There are 2 protein chains.
Amino acid sequence: MARIPASERRAALVQAALRVVSQRGIAQATTRAIVAEAGMSLASFHYAFDSRDELIDELITTVVAREQEAVLPDDLQGHDIRDMLEAGLLRYFDHLRGDPEHEQAMLELTQYALRSPERHPLAIAQYDRYTELGARSLSAAAELAGVSWTTPVEQVARVLIAFTDGLTLTWLVTRDDDVARSVAHAAADALSRMAEPR
Amino acid sequence: MARIPASERRAALVQAALRVVSQRGIAQATTRAIVAEAGMSLASFHYAFDSRDELIDELITTVVAREQEAVLPDDLQGHDIRDMLEAGLLRYFDHLRGDPEHEQAMLELTQYALRSPERHPLAIAQYDRYTELGARSLSAAAELAGVSWTTPVEQVARVLIAFTDGLTLTWLVTRDDDVARSVAHAAADALSRMAEPR
DNA sequence: ACTGAAGTGGGACGATCGTCCCAGTCGCAT
DNA sequence: ATGCGACTGGGACGATCGTCCCACTTCAGT
């Protein structure tokens, strides 16, 4: 094994852990499975991290931080705010269909964090990040459509996140594209009514 | 330990397993934790069940089957279909607030079933059951409000389930009642537009 | 070239997991 | 009452888990 500084090893292990969680679930993301995925030895793991928990914490933190606007539209399209929202939701749905395992992994990490009091803040931060990204998109869309939100945009964003969560969970189980599109349509409908012409 | 026929022991173990999953998560629902919760010995477990997997499968199946209309309104209230839907969603929210661990357990069981191909059908069945219950409520509400669904009621029900899932997940993380109520309001808004006067 | 720190490898530890075995005990049909 | 099948208890099995230890190798600074 080549010699790699511990900092780089940490990043490589986090990436390997994400792949393992995506493919096999967090329950199967053992230290041995992760180092096998990363092509390292067990000792390298505990040289870079004090414990498996420390890696999982970093996994949640960094992966959410890097979630970026990958999910969000860079060019908003549509005639009015409703169309824009639906287009954005459908774009998210395409992202979901393209990499279902990744979103499933995100869901599992959230639930995992929810299970221990000291990790709960990580789940909160995860949702704050989602809300921030959502609010940014909602603001941009309102700007382009010439409307303003009648409810604080953070609140609208939280509703948006709830809708995308529901879409994700339902589709992951049923794999029913038509239902997912109906959800996107209905969600865009509801959200657009939280805005009014400027 | 009193002598109990295996069939009753199965039911008792399933109930104990549900409590353990609710309180500590499915990862902690080991055979030993379950029998401790049930006040039995390990041997009793494997006398009633061939394996832990068999119990988990039965847990998913029976708990979902018994989910009943506990969640759903027995008396629909509201002036129009929109009000009825919002009242129903708020009623579900009350149920969620009253027993968050139960809904969290349901979510975990779904995700657990999603992780192995042979268990995926259980998750599908779980959602079919939800859809059935939702469709029944939606039909009753439409009847009372004198409207009819412009989309097949099963499809509307699937959207409803997605919305409640999103509400559940978001609230479990943030515990923000206001956001949950906003979600209920917006969801009722969107769903009501899938109906038209008769 | 020498040295000390950084990084690596493999084997081992104790804990806990699901499962199994078997001697023992209870209750019911006869 | 007695025999037999249903049920129980406790201890044990091998597998796998997270973590640790220690001898070893490589590299940077001198």
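Naming convention: chains lettered A, B, ... in sequence-line order (proteins, then strands); numbering from 1 in each chain. Only a predicted model underlies this, so the values are computations on that prediction, with no experimental measurement involved.
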ring-ring contact (aromatic ring centres under 6.0 Å, His included) involving B:Trp149 - partner list, sequence neighbours excluded |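 Applying ring-ring contact (aromatic ring centres under 6.0 Å, His included) to B:Trp149 gives none.
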I need the [atom1]-[atom2] distance between [X] and [N], as an integer number of Å.
{"X": "A:His46", "N": "C:dG7", "atom1": "NE2", "atom2": "P", "answer": "17 Å"}
{"X": "A:Leu42", "N": "D:dC22", "atom1": "CG", "atom2": "P", "answer": "17 Å"}
{"X": "A:Arg52", "N": "C:dT16", "atom1": "CZ", "atom2": "P", "answer": "16 Å"}
{"X": "B:Met40", "N": "D:dG10", "atom1": "CE", "atom2": "P", "answer": "15 Å"}
{"X": "A:Ile34", "N": "D:dT19", "atom1": "CD1", "atom2": "P", "answer": "11 Å"}
{"X": "A:Ile4", "N": "C:dA6", "atom1": "CD1", "atom2": "P", "answer": "17 Å"}
{"X": "A:Glu8", "N": "C:dA6", "atom1": "CD", "atom2": "P", "answer": "16 Å"}
{"X": "A:Tyr47", "N": "D:dA23", "atom1": "OH", "atom2": "P", "answer": "18 Å"}

Set of residues satisfying side chain to side chain donor-acceptor pair (under 3.5 Å) with respect to [X], sequence neighbours excluded:
{"X": "A:Glu86", "answer": "A:Arg82, A:His185"}
{"X": "A:Glu37", "answer": "A:Arg19"}
{"X": "A:Asp80", "answer": "none"}

Take atom CG of B:Asp94 as the centre, draw a 6.0 Å sphere, and report whether it contains more than 12 heavy atoms from other residues, nucleotides or ligands.
-> yes
Which comes earlier along DNA chain D counting from the 5' end, the contact point of A:Ala43 or that of B:Ala6, where each point is its nearest nucleotide?
->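 Upstream on the strand: B:Ala6.
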For B:Arg32, enumerate each residue passing the salt bridge (charged side-chain N to carboxylate O under 4.0 Å, His left out) test, keeping only those at least two apart in sequence or located in another chain.
->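 For B:Arg32 there are no salt bridge (charged side-chain N to carboxylate O under 4.0 Å, His left out) partners, ignoring immediate neighbours.
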Could you identify which residues of residues 13-33 of chain B place a heavy atom less than 4.0 Å from some atom of DNA chain C, listed by residue number, or say none?
-> B:Thr30, B:Thr31, B:Arg32
Would you tell me if any nitrogen or oxygen in the side chain of A:Arg3 comes within less than 4.0 Å of OP1 or OP2 on D:dT26?
-> no
